[in-house]
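We use all heavy atoms of the structure for the numbers below, so side chains are in, but hydrogens, waters and symmetry mates are not. A quick note: this is a predicted structure, and the numbers were derived from the prediction, not measured. We count residues from 1, following the sequence as given.
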Amino acid sequence: MKKILFPTDFSEVSKNAFIYALKLAEAIHADIITLHVYQMLQPKFVDFSAYLNEVYEVTELSNFENYRDEVPVLRVIAEENNLGHIKVSHVLVMGNLIDEIEKITEDESIDFVVMGTKGATGLKETFLGTVTTKIMDDVKAIVFAIPSHCQYQPIKRILFVTQFKPNDFNAFKKVMQLAHLLNAHIDCLYVQQHEHEGKNDFTDDWKTIVENLDIALHTIKSNDVEGVILSFIELHKINTIAMLVYHRNFFEKLFQISLSKKLAFHVDIPILAIHE
């Protein structure tokens, strides 16, 4: 049985992402573990220490009551989407969010971490933020980031950006496995800049590997890498981007470009972050 970890702060962004977690769980026959992490108030004044235990008790009670009220909301979301049969367990813990995600991912052999992001206007901050960056870098599971304005739709077209190098293939196999479970098409896109023409071309090897599969390989020559990818997403109605972790800086630039140019089409689709 596969397992999905769903870190949540019970915000609207998080609740929106929960639908993706549920749909993914149904597709891959997985259980979901929700994780809510809270931190204790750290008093800054010495004379405040006399009230420390009382403050801790109030803080813990407040967190528990909020947690107790919000967990049923997740169950309602599942039932409204006809996914009430998905097994969901819940963890409430005090600590550091990154540390707790890493710990439970390892202890429970988590396959996917599904989490909400701020959406198109906040993607730059999200990717540059220490929490998401740290999770993508250190967590062995595939991280599935869901922008807040992304309304659920079945994942049917996945874009995998690559240079058709052998080093990309281990990550690509994970994308293929997921696409098979979701019955999704994959487009592999290599935007070849002019100075790289004819260098380390492994395209024929990839063609052999994907032969007779629902996978299309594309090579487009252009120095406007971000512009080509954005146009490709819109033209081919891509609804999920798969990225290798070491490409994160590139994707930060991609989202910055899409916003700074104020394009009519904004990248506001789920992002799969995969280790090599």
Is there any side chain to side chain donor-acceptor pair (under 3.5 Å) pair reaching into residues 74-103, and which pairs are they, with sequence neighbours excluded?
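Residue pairs with at least one partner in residues 74-103: Thr34-His90, Lys103-Asp107.
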CA sep, side-chain torsions, deciding dist, call: Leu22, Ile86, side chain to side chain contact (heavy atoms under 4.5 Å, CB included):
CA-CA 7 Å; Leu22 289 164; Ile86 301 296; 4.2 Å; yes
Counting C-beta onward and ignoring hydrogens, is there a side-chain heavy-atom pair between [X] and [Y] closer than 4.5 Å?
X      : Y      : result
Ile271 : Phe144 : no
Leu5   : Val114 : no
Val91  : His36  : no
Trp206 : Thr162 : yes
Lys207 : Thr203 : yes
Leu244 : Ile274 : no
Phe169 : Met176 : yes

Provide the full list of salt bridge (Lys or Arg N to Asp or Glu O under 4.0 Å) pairs with a residue in residues 154-164, sequence neighbours left out, each pair given once.
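Non-adjacent pairs meeting salt bridge (Lys or Arg N to Asp or Glu O under 4.0 Å): Arg157-Asp187.
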Does any pair with a residue in residues 6-15 pass salt bridge (Lys or Arg N to Asp or Glu O under 4.0 Å), and if so which ones, sequence neighbours excluded?
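Qualifying pairs, neighbours excluded: Glu12-Lys15, Lys15-Glu70.
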Using the side-chain contact (heavy atoms from CB on, under 4.5 Å) criterion, which residues pair with [X]? Sequence neighbours excluded.
X      : result
Ile220 : Leu189, Val228, Phe232
Ala30  : Lys2, Ile4, Ala25, Ile28
Ala141 : Thr105, Ile110, Val113, Val139
Ser109 : none

For Phe18, what residues pass the ring pair (Phe, Tyr, Trp, His ring centres under 6.0 Å) criterion, not counting sequence neighbours?
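Testing Phe18 for ring pair (Phe, Tyr, Trp, His ring centres under 6.0 Å), a comparison that skips the adjacent residues, returns Phe6.
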Can you name the residues that form a ring pair (Phe, Tyr, Trp, His ring centres under 6.0 Å) with His180, not counting sequence neighbours?
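For His180, no residue satisfies ring pair (Phe, Tyr, Trp, His ring centres under 6.0 Å) once neighbours in sequence are set aside.
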Going hydrophobic residue to hydrophobic residue with side-chain gaps under 4.5 angstrom, can you get from Val93 over to Ile33?
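Linked, Val93 and Ile33 end up in one cluster.
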Find out if a path of hydrophobic residues (ILVMFWY) with successive side-chain heavy-atom gaps under 4.5 Å connects Val76 to Tyr152.
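In one cluster: no.
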For Glu26, all residues meeting salt bridge (charged side-chain N to carboxylate O under 4.0 Å, His left out), sequence neighbours excluded
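Per chain and number, Glu26 pairs via salt bridge (charged side-chain N to carboxylate O under 4.0 Å, His left out) with no residue.
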Per-pair distances, 0.1 Å, donor-acceptor, side chain in residues 210-217, under 3.5 Å, sequence neighbours excluded:
| from | atom 1 | to | atom 2 | distance (Å) |
| --- | --- | --- | --- | --- |
| Asp214 | OD1 | His185 | ND1 | 2.7 |

Residue from Ile186, Leu272, Ile229, Asn239 passing side chain to side chain contact (heavy atoms under 4.5 Å, CB included) with Leu159
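Per the side chain to side chain contact (heavy atoms under 4.5 Å, CB included) rule, the option paired with Leu159 is Ile229, out of Ile186, Leu272, Ile229, Asn239.
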Test of understanding: with side chain to side chain donor-acceptor pair (under 3.5 Å), list the residues that count as partners of Glu106, not counting sequence neighbours.
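Once residues adjacent in sequence are excluded, Glu106 has no partner under the side chain to side chain donor-acceptor pair (under 3.5 Å) criterion.
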